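Notes follow the structure.
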Amino acid sequence: MGLAAAEAHQFHVLAVDDSIIDRKLIERLLKTSSYQVTAVDSGSKALEFLGLHEQDDQGAADIPSLSPDNHHQEVEVNLIITDYCMPGMTGYDLLRKIKESNVLKDIPVVIMSSENEPSRINRCLEEGAQEFFLKPVQLSDVNKLRPHMLKGRSSVDMEDQPNFNKKGHGTNTSS
């Protein structure tokens, strides 16, 4: 197992899609790139997995296990990839909830959609999505995820990336 694969193994991607076919496809692509994958079928399940519960959900208050101390789950998610069109909570809604959360806002979010609608794409990017992939998602798309995950890492980890963040180095010499 090469270094890249070893490094990728530390990356955990949460994939959200209500279609089992799309979910299996994205899961397979991510696993091909040796990411750890958790796949869920709705935005609310994704939030639950991330430990973020609806604030207005009064029922949750009665469950003792949901104390704020459990907010940092053992599972660290490095990136979330979500379908745009889902019943209940769209990928856009999920994106907004994640960006509104102090705990989760730094997790990169990628949106997937089978419809190429510029206004929708722009809206998602304006709300903080890192990428917008058109379905079917290709392996070349999945390869674009790694820099976002590296960015989400602490700067200490960045030191281990010798060629990372060096773009533009030395180009500004005014001769």
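Numbers for residues simply follow the sequence, beginning at 1. The structure presented is a predicted model; accordingly, all values stated were derived computationally and were not measured.
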State whether a side-chain donor-acceptor pair under 3.5 Å links H148 with E131.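 Yes, E131 and H148 have a side-chain donor paired with an acceptor closer than 3.5 Å.
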Going by atom types alone, do T90 and D93 pair a side-chain donor with an acceptor below 3.5 Å? yes
For the atom pair [atom1] ([X]) and [atom2] ([Y]), what is the distance rounded to the nearest 0.5 Å?
X: L95; Y: I80; atom1: CG; atom2: CD1; result: 9.0 Å
X: H12; Y: L30; atom1: NE2; atom2: CG; result: 10.0 Å
X: S44; Y: L52; atom1: OG; atom2: CG; result: 11.5 Å
X: M112; Y: L134; atom1: CE; atom2: CG; result: 11.5 Å
X: S113; Y: I121; atom1: OG; atom2: CD1; result: 7.5 Å
X: S34; Y: Q10; atom1: OG; atom2: CD; result: 10.5 Å

What closest approach, in Å, do [X] and [Y] show between heavy atoms, and which atom pair accounts for it?
X: I111; Y: A129; value: CG1-CB, 3.9 Å
X: V137; Y: L29; value: O-CD1, 3.1 Å
X: P108; Y: Q130; value: CB-CG, 3.5 Å
X: K99; Y: G128; value: CE-O, 3.5 Å
X: F11; Y: N78; value: CA-OD1, 3.2 Å
X: V142; Y: Y35; value: CG1-CE1, 4.0 Å

What do the steps show when you test D18 against D83 for side-chain contact (heavy atoms from CB on, under 4.5 Å), and what is the final call? CA-CA 8 Å; D18 59 309; D83 186 25; 3.3 Å; yes
Only one of E127, E115, E126 clears salt bridge (charged side-chain N to carboxylate O under 4.0 Å, His left out) with R120; which? E115
Pairing of K135 and D17 as salt bridge, 4.0 angstrom limit: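 Salt bridge: yes.
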Would you find more than 12 non-hydrogen atoms of other residues, nucleotides or ligands less than 6.0 Å from K24 atom NZ?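 Atom NZ in K24 is not crowded, with 12 or fewer foreign heavy atoms closer than 6.0 Å.
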Where do L14 and T82 land on the side-chain contact (heavy atoms from CB on, under 4.5 Å) test, with the steps shown first? CA-CA 8 Å; L14 176 61; T82 177; over 6 Å; no
Is the Y84 ring parallel, tilted or perpendicular to the F132 ring (thresholds 30°, 60°)? tilted
Indicate yes or no: at least one non-hydrogen side-chain atom of [X] is less than 4.5 angstrom from one of [Y].
X: K97; Y: L47; value: yes
X: K31; Y: Q36; value: no
X: V40; Y: E48; value: no
X: V16; Y: I81; value: no

Using the side-chain contact (heavy atoms from CB on, under 4.5 Å) rule, take D41 and I20 through it: C-alpha gap first, then chi angles, then the decisive distance, then the call. CA-CA 8 Å; D41 61 7; I20 184 150; over 6 Å; no
Compute both the distance and the angle, then confirm whether R123 meets the cation-pi test with Y92: under 6.0 Å from the six-membered ring centre, within 45 degrees of the axis.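 Judged by the rule, R123 and Y92 form a cation-pi pair.
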Donor-acceptor contact below 3.5 Å, side chain D141 vs main chain Q138: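 A pair under 3.5 Å: yes.
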Determine whether V13 and M149 satisfy the following criterion, side-chain contact (heavy atoms from CB on, under 4.5 Å), listing intermediate values before the conclusion. CA-CA 9 Å; V13 181; M149 294 196 223; 3.6 Å; yes
